[in-house]
Amino acid sequence: MKLLLTGATGNVGRATLAALLVRPTPHLTVVAGVRELMKEAKEAPRIQQRVFDFEAPATWAAALSGIDTVFLLRPPQLADVTGTFAPLVAAMVAAGVGHVVLLSVQGAENNAIIPHRRIEKLLLASGLGWTFLRPSYFMQNLTTTLRVGLETHHRIRLPAGQTPFRWIDVADIGRVAAVVLRDPAAHTGQAYDLTGDELTDFGTVCQLISRLTGVPVRYEPIGPLRFLWEQHRAHQPLMYGLVLVMLHWLPRFFAPPPAADTVRRLTGQPPGTLAAFIEREVAPLLRRPQTP
């Protein structure tokens with residue numbers, strides 16, 4: 001069986017590769033879809049590489065040739081479902097792909113306007129085998145999306161109010177994805193919510209960061225329009241800012257997301273904690289000397 005892992009250099013892609021390589025599967029060939037071939041990839045030669053670019057349809061046919069399963073990881077900045085993902089799904093069908101594992105988002109089934117749900121619907125109508133992974137809020141957002149404010153200003157500014165979020169470590173997503181990708185047929189037609197055990201708002205998270213690192217970090221809740229204006233001033237694309245607003249502001253109008261036991265059930269291990277993640281990945285950012 002041959003697997004194409006899109007987004008192989010992103011957070012979830014790297015975590016999934018790491019989980020797959022921990023326990024190699026003889027019948028599974030992993031192909032990393034990358035925009036540019038990496039000459040000195042640490043994982044080589046245990047994985048293959050093919051050029052794959054969501055925004056370059058000319059790369060799709062060669063990347064999909066002979067592929068049985070695709071792990072579809074949507075880049076956050078790409079929200080044009082009709083222009084990008086509809087033709088991509090059609091290309092998968094034409095290439096003879098049998099199964100698509102989609103990284104979606106918790107609650108997608110109840111939110112028709114987000115790209116994740118619209119891609120889910122494309123796959124449901126495609127005739128392809130499918131599995132949806134619907135994770136909750138990434139702990140890694142602290143070290144990616146929110147990194148500049150956290151590292152440089154020791155603050156988090158978001159239109160999230162006091163809304164609690166259900167947090168998950170991307171390492172746990174990768175471990176679950178590896179289980180599914182090793183035997184996708186066993187998970188056909190399943191939509192798995194992936195969460196940790198903690199339901200925590202950003203103010204509490206900042207208090208936890210401050211306590212564990214010794215660096216005072218504050219949370220500054222702001223309105224969605226102010227947030228979009230600040231994103232514009234930081235030269236971020238409008239669509240990216242809107243996606244962040246949907247991710248952080250819309251949950252204020254819904255009940256807190258439930259916890260799921262998927263990580264324990266599929267991997268046999270408990271999900272990681274915020275404290276462990278902060279010690280591992282946030283503390284080094286805050287404790288290192290700042291460049292003048």
Side-chain angles (χ1 to χ4, degrees), residues 10-12 15-16 19 73-74 76 101-117 119-120 131-147 150 156-180 187 190-212 217 219 221 224 227 243-282:
N11 275 332
V12 176
T16 302
L73 304 172
R74 180 187 70 86
V101 178
L102 171 69
L103 185 73
S104 185
V105 66
Q106 188 180 25
E109 70 277 17
N110 300 317
N111 193 336
I113 67 172
I114 60 175
H116 311 79
R117 182 53 181 168
I119 298 172
E120 288 185 358
T131 306
F132 301 151
L133 305 183
R134 293 172 173 162
S136 57
Y137 194 86
F138 292 5
M139 295 180 189
Q140 276 73 6
N141 284 340
L142 294 171
T143 54
T144 55
T145 306
L146 306 175
R147 175 171 178 162
L150 191 58
I156 294 175
R157 285 171 64 83
L158 284 173
Q162 307 306 319
T163 305
F165 287 75
R166 184 74 66 180
W167 297 73
I168 187 168
D169 191 333
V170 165
D172 291 325
I173 301 173
R175 292 192 294 117
V176 171
V179 170
V180 172
H187 304 276
Q190 297 296 313
Y192 293 125
D193 280 359
L194 310 180
T195 78
D197 295 331
E198 294 161 292
L199 182 67
T200 309
D201 63 79
F202 278 97
T204 304
V205 169
C206 286
Q207 292 173 8
L208 182 60
I209 293 172
S210 301
R211 178 169 61 83
L212 292 175
V217 173
Y219 170 52
F227 179 79
V243 168
L244 291 181
V245 167
M246 286 192 290
L247 179 63
H248 296 99
W249 184 65
L250 287 182
R252 299 173 67 170
F253 304 98
F254 298 93
D261 68 346
T262 311
V263 174
R264 283 184 178 84
R265 183 159 48 86
L266 294 188
T267 72
Q269 301 176 32
T273 65
L274 268 166
F277 173 79
I278 290 167
E279 290 280 18
R280 187 181 78 232
E281 298 193 31
V282 177

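Computed from a predicted structure; not experimentally measured.
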Quiz item: Hey, would you say the Phe277 and Phe138 ring centroids sit under 6.0 Å apart?
Solution: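 No: the rings miss the under 6.0 Å criterion.
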
Least distance between heavy atoms, [X] atom then [Y] atom:
| X | Y | value |
| --- | --- | --- |
| Gly174 | Ala19 | O-CB, 3.5 Å |
| Gly272 | Asp172 | N-OD2, 2.7 Å |
| Arg74 | Ile119 | CD-CD1, 3.7 Å |
| Ala15 | Ala171 | CB-CA, 4.2 Å |
| Ala177 | Thr16 | CB-OG1, 3.7 Å |
| Tyr219 | Leu158 | OH-O, 3.6 Å |

Self-check item: Short side-chain donor-acceptor distance under 3.5 Å, Arg166 and Thr195
Solution: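 The answer is no; no qualifying pair exists.
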
Quiz prompt | Working for side-chain contact (heavy atoms from CB on, under 4.5 Å), residues Gln106 and Tyr137 | solution = CA-CA 8 Å; Gln106 188 180 25; Tyr137 194 86; over 6 Å; no

Separation of [Y] [atom2] from [X] [atom1] (nearest 0.5 Å):
| X | Y | atom1 | atom2 | result |
| --- | --- | --- | --- | --- |
| Thr204 | Leu199 | OG1 | CG | 10.0 Å |
| Leu274 | Met139 | CG | CE | 4.0 Å |
| Phe227 | His248 | CZ | NE2 | 7.0 Å |
| Leu208 | Ile278 | CG | CD1 | 4.0 Å |
| Glu281 | Arg147 | CD | CZ | 10.0 Å |
| Asn110 | Phe254 | CG | CZ | 8.0 Å |

Self-check item: Pairing residues for Asp197 by the side-chain contact (heavy atoms from CB on, under 4.5 Å) criterion, not counting sequence neighbours
Solution: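 Partners of Asp197 under the side-chain contact (heavy atoms from CB on, under 4.5 Å) test: Arg264, Pro271.
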
Quiz item: How far apart are the C-alpha atoms of Arg280 and Asp169, what are their side-chain angles, what is the distance that settles it, and do they pass the salt bridge (Lys or Arg N to Asp or Glu O under 4.0 Å) test?
Solution: CA-CA 11 Å; Arg280 187 181 78 232; Asp169 191 333; 2.9 Å; yes

Exercise. Would you confirm whether Thr131, through its side chain, and His187, through its main-chain N or O, come within 3.5 Å as a donor-acceptor pair?
Key: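 Checked: pair present.
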
